Amino acid sequence: MRIALLQMTSSDLPEENQNSVRAMLRQAKDQGAEFALTPEVTNVLSFSRAHQESVVVREDQDIVLQAMREEAAELGLWVLAGSLSVLSEAPETRFANRSFLISPEGEIKARYDKIHMFDVQVSAEETYRESAGFAPGDQAVMAQTPIGNIGLTICYDVRFGYLHRALAQAGAQIITAPAAFSPGTGPAHWQPLLQARAIETGCWVLAPAQTGKHPASVGKSRSTHGHSLVISPWGEVVLDAGVEPGVYCADLDLDAVTIARNKVPSLTHDRDFRGP
């Protein structure tokens with residue numbers, strides 16, 4: 001199966017991002033992809049809460065999601081909207097950071113709300129409080145599809161191995177890890193964490209990423225690490241997209257999942273133990 005990672009430099013304007021996604025999905029189809037994946041916050045990337053409140057809408061009103069569903073149906077592609085910022089159904093006044101798996105008929109087959117919130121202070125200049133604007137999810141999601149069993153995660157989830165193990169033990173062969181990774185942590189942590197998750201689970205890990213300096217019509221701009229990655233079930237880097245936006249393709253063989261797990265069947269070796 002050929003997959004395509006869409007490495008993007010999303011702006012804070014959904015209209016612009018919609019146009020970029022449409023063009024890149026068509027490029028993915030032209031390159032022979034059956035499954036195309038976009039990064040985290042594909043629809044709007046902004047530091048400004050006020051601006052987010054002015055453009056973030058319910059999922060049934062989101063023009064980027066609608067565009068992706070239309071293109072999936074027209075092109076006959078499986079598409080992962082890595083994540084979109086949408087209004088949460090929760091009573092609190094926060095958004096959801098939500099991933100959507102879309103079928104070649106344009107139907108939403110699975111939704112996943114990011115569980116782990118990126119509340120960190122990387123440096124004096126780089127602080128994030130995702131939970132101030134977003135409500136965390138509480139449900140792990142593994143979708144069974146004709147192209148494989150797909151476990152959904154988003155960005156900061158990569159640091160929590162228990163989530164990935166649960167997805168693999170539920171039958172996942174592919175784990176998606178769309179991201180808008182920090183340039184402060186990316187050089188040290190992005191690739192090693194993804195390789196660890198692939199090795200631990202024996203899954204293919206597909207990680208489409210935001211990259212570069214993001215245009216901002218309101219407030220300060222943000223930068224992201226790039227380096228969209230495809231990691232094999234043995235932990236090998238099959239694709240590193242570098243830092244340029246674009247469509248990057250790789251070929252997956254799901255038999256590699258069985259081979260890796262037969263060599264090291266650690267998913268079946270759980271043991272209970274007493275705490276320290």
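Hydrogens, waters and symmetry mates are skipped; everything else that's a heavy atom, side chains included, is used. In this text the structure is predicted, and so the values were computed from the model without any measurement.
A donor-acceptor contact shorter than 3.5 Å links the side chain of Gln7 to the backbone of His227. Side-chain N or O atoms of Ser228 include none that pairs as donor or acceptor with a backbone N or O of Leu5 at under 3.5 Å. The backbone N or O of Gln139 lies less than 3.5 Å from no partner atom in the side chain of Asp113, so there is not a single donor-acceptor pair. Looking at Thr38, its side chain does come within 3.5 Å of a backbone N or O of Gly82 through a donor-acceptor pair. Between the Arg261 side chain and the Thr201 main chain, a donor and an acceptor come within less than 3.5 Å of each other. In terms of modelled atom types and a separation under 3.5 Å, the side chain of Trp204 and the main chain of Ile231 share no donor-acceptor contact. Proximity of a side-chain donor or acceptor of Gln169 to a complementary backbone N or O of Leu267 within less than 3.5 Å is detected. Not a single donor-acceptor pair under 3.5 Å links the side chain of Asp62 to the backbone N or O of Arg58. Of the possible polar contacts, none joining the Trp78 side chain to the Ala72 backbone as a donor-acceptor pair under 3.5 Å is found.
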Inset, instruction - Assess whether salt bridge (charged side-chain N to carboxylate O under 4.0 Å, His left out) is satisfied between Glu74 and Lys29, documenting all intermediate values. - result: CA-CA 10 Å; Glu74 181 174 338; Lys29 180 65 175 181; over 6 Å; no
Inset, instruction - Assess whether side-chain contact (heavy atoms from CB on, under 4.5 Å) is satisfied between Cys155 and Phe181, documenting all intermediate values. - result: CA-CA 7 Å; Cys155 201; Phe181 223 74; 3.7 Å; yes
Inset, instruction - Show the numbers, then the answer: is there a side-chain contact (heavy atoms from CB on, under 4.5 Å) between Val86 and Arg98? - result: CA-CA 7 Å; Val86 296; Arg98 183 169 296 162; 3.9 Å; yes
Inset, instruction - Could you go through the side-chain contact (heavy atoms from CB on, under 4.5 Å) check for Leu206 and Ile3 one step at a time? - result: CA-CA 9 Å; Leu206 310 182; Ile3 64 92; 4.3 Å; yes
Inset, instruction - Output, in order, the C-alpha distance, side-chain angles, deciding distance and verdict of side-chain contact (heavy atoms from CB on, under 4.5 Å) for Ile102 and Lys109. - result: CA-CA 6 Å; Ile102 304 166; Lys109 290 300 185 181; over 6 Å; no
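Clustering ILVMFWY residues whenever any of their side-chain heavy atoms sit less than 4.5 angstrom apart, transitively, puts Met1 in the very cluster that holds Met142. Grouping the Ile, Leu, Val, Met, Phe, Trp and Tyr side chains by contacts below 4.5 angstrom, directly or via other members, places Leu87 with Met117. The same ILVMFWY cluster, assembled from side-chain heavy atoms under 4.5 Å apart, contains both Val120 and Leu163. Hydrophobic clustering, with ILVMFWY side chains joined whenever heavy atoms are under 4.5 angstrom apart, groups Val79 together with Val21. The hydrophobic clustering, which links ILVMFWY residues whose side-chain heavy atoms are closer than 4.5 Å, places Leu65 and Leu80 apart.
From Ser182, atom OG reaches atom CD of Gln210 across 13.5 Å, with rounding to the nearest 0.5 Å. Rounded to the nearest 0.5 Å, atoms CD (Gln121) and OG1 (Thr127) are 4.0 Å apart. In this structure, the separation between CG on Leu152 and CD1 on Ile175 is 9.5 Å, given to the nearest 0.5 Å. Note: Glu244 CD to Thr211 OG1 = 7.5 Å, rounded to the nearest 0.5 Å. The distance from the CD1 atom of Ile147 to the CZ atom of Arg2 is 14.5 Å, given to the nearest 0.5 Å. For the atom pair OG (Ser83) and CG (Asn43), the distance works out to 7.5 Å, reported to the nearest 0.5 Å.
Across all non-hydrogen atoms, the minimal contact from Leu194 to Ala177 is CD2-CB, 3.8 Å. When all heavy atoms of Gln195 and Val237 are compared, the pair lying nearest together is NE2-CG2, 3.7 Å. Between Ala250 and Val230, the shortest heavy-atom distance links the atoms CB-CG2, 4.1 Å. Considering every non-hydrogen atom in both Ala172 and Gly151, the closest pair reads CB-N, 3.9 Å. Minimum interatomic distance between Pro39 and Met8 (heavy atoms only, all atoms of both residues): CD-SD, 3.6 Å. Closest of all the heavy-atom pairs between Ala140 and Leu167 is CB-CD2, 4.3 Å.
A cation-pi arrangement is absent between Arg69 and Phe100 under the rule of less than 6.0 angstrom and at most 45 degrees off the ring axis.
For the pair Asn149/Ile174, no side-chain contact is recorded, criterion being any heavy-atom separation below 4.5 Å from C-beta on. Between Leu101 and Ile150 the shortest side-chain heavy-atom distance falls below 4.5 Å. Considering only heavy atoms from C-beta on, Phe47 stays 4.5 Å or farther from Val218 through its side chain. Using a 4.5 Å heavy-atom cutoff, the side chains of Leu77 and Met68 are not in contact. Between Leu239 and Leu229, the closest side-chain pair of non-hydrogen atoms is not below 4.5 Å. The shortest distance between side-chain heavy atoms of Tyr248 and Pro208 does not fall below 4.5 Å. Looking at Val55 and His51, their side chains come closer than 4.5 Å, going by heavy atoms from C-beta outward. Between Met24 and Leu6 the shortest side-chain heavy-atom distance falls below 4.5 Å.
Asn97 and Glu40 form a side-chain donor-acceptor contact under 3.5 Å, judged by distance and modelled atom types alone. In the model, His214 has a side-chain atom that pairs as donor or acceptor with a side-chain atom of Thr224 under 3.5 Å.
Ring planes of Phe134 and Phe95: perpendicular class, angle over 60° (limits at 30 and 60°).
Just one of Thr153, Thr176, Asp157 meets the side-chain hydrogen bond (donor to acceptor under 3.5 Å, both in side chains) condition when paired with Tyr112; it is Asp157.
In the hydrophobic clustering, Trp234 connects to Val264, either directly or through intervening members, whenever side-chain heavy atoms lie under 4.5 Å apart.
Of the charged side-chain nitrogens involved, none lies within less than 4.0 Å of a carboxylate oxygen, so that Glu130 and Arg94 do not count as a salt-bridged pair. Between Glu59 and Arg111, at least one side-chain nitrogen of the basic residue sits less than 4.0 Å from a carboxylate oxygen of the acidic one, meeting the salt-bridge criterion. Taking 4.0 Å as the cut-off between side-chain N and carboxylate O, Arg129 and Asp119 do not count as a salt-bridged pair.
Counting only residues at least two apart or in different chains, salt bridge (Lys or Arg N to Asp or Glu O under 4.0 Å) contacts with residues 6-22 comprise Arg22-Glu70, Arg22-Glu71.
Under the 6.0 Å cut-off for aromatic ring centres, Tyr156 and His189 do not qualify, their centroids lying 6.0 Å or more apart.
Remark: Asp138 CG is loosely packed, at most 12 non-hydrogen atoms of other residues, nucleotides or ligands lying under 6.0 Å away.
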